[in-house]
Amino acid sequence: MENKRDYLTKAILCLMVIAVLTGCVALCSMGGTAYAETADTSADAEPYGLVTKIALDMGTSGTEVFAEAQNVFTLGNSTIQVYVFIYSSPTYQESYKDMTLENQKFIGDLDIHKSVRTSAPINGVQRFWKARMMYKFDNRDWVAKETVALLIDVNGNLV
């Protein structure tokens with residue numbers, strides 16, 4: 001009797017696993033929801049992707065400051081449009097809208113593990129800098145992310 005109960009339990013668990021896997025495969029083939037954050041109304045991309053993670057980073061090479069967006073992970077066949085911006089200001093600003101746009105770059109489809117970068121020269125002036133990006137995952141809404149404002153001195157060092 002105990003062996004029959006164990007067998008039934010294992011059979012039910014096996015069927016449940018098969019049902020969950022079948023559901024995942026069906027969801028993958030239909031498209032799904034992006035777990036992302038962020039406005040273009042283009043509907044050229046088809047919704048095949050399930051999830052994406054786009055990271056935003058800002059840094060300095062000593063003579064210039066850069067903003068970089070990287071496709072860390074994407075599940076499914078997706079089109080990910082990305083704009084990356086770099087802003088500066090001589091004084092601290094909470095909003096990028098109150099800063100000067102120094103440079104920007106666009107890529108029509110950022111593949112997994114690839115990045116898009118824009119930069120601007122420091123020009124021997126200490127300023128506050130902020131990186132910002134907007135990305136569109138397939139035909140979903142735009143998502144925006146930005147860094148905090150960082151003070152970078154005349155030699156490209158973080159103050």
Partner of Y87 under ring pair (Phe, Tyr, Trp, His ring centres under 6.0 Å), picked from W129, Y96, F128, is Y96

Point-to-point distance, once rounded to the nearest 0.5 Å, from OG1 of T100 to CD1 of I86: 12.0 Å

Taking the side chain as everything from C-beta on, heavy atoms only, tell me whether F73 gets closer than 4.5 Å to V51. yes

Check R117 against E68 and note the closest heavy-atom contact, atom names and distance. NE-OE2, 3.4 Å

Set out, in order, the CA-CA distance, both residues' side-chain angles and the distance that settles side-chain contact (heavy atoms from CB on, under 4.5 Å) for D111 and N71, then state yes or no. CA-CA 6 Å; D111 293 330; N71 184 337; 5.6 Å; no

Nearest atoms (heavy-atom pairs only) where Q81 meets G108: CG-O, 3.4 Å

Do V125 and F66 share a hydrophobic cluster, counting only Ile, Leu, Val, Met, Phe, Trp and Tyr and linking them when any side-chain heavy atoms are less than 4.5 Å apart? no

Sequence neighbours left out, what passes side-chain hydrogen bond (donor to acceptor under 3.5 Å, both in side chains) with E102? Give chain and number order. S88, R127

Shortest non-hydrogen pair, I112 vs T74, comes out as CD1-N, 3.5 Å

CZ of R140 to CD1 of I80: how many Å apart, nearest 0.5 Å? 9.5 Å

So how far is it from K145 NZ to M133 CE, rounded to the nearest 0.5 Å? 4.5 Å

Transitively linked via ILVMFWY side-chain contacts under 4.5 Å: L150 with V154? no

OG1 (T91) and CE (M99) are apart, to the nearest 0.5 Å, by 8.0 Å

Are any non-hydrogen side-chain atoms of F106 and V116 less than 4.5 angstrom apart? no

Any sub-3.5 Å donor-acceptor pair from D153's side-chain atoms to V159's backbone N or O? no

Any E146 side-chain heavy atom under 4.5 Å of K130 side chain: yes

Would you find a donor on one side and an acceptor on the other, under 3.5 Å apart, between the side chain of S78 and the backbone of D138? no

Once you round to the nearest 0.5 Å, how far does CG of D98 lie from CD of Q93? 5.0 Å

To the nearest 0.5 Å, atom NZ of K53 lies from atom CG of L75 at 15.0 Å

Show me the side-chain donor-acceptor pairs of residues 54-63 shorter than 3.5 Å, one per line, residues at least two apart or across chains.
unit_1, atom_1, unit_2, atom_2, d
T60, OG1, G62, N, 3.1
T60, OG1, E64, O, 3.0
T60, OG1, G156, O, 3.3

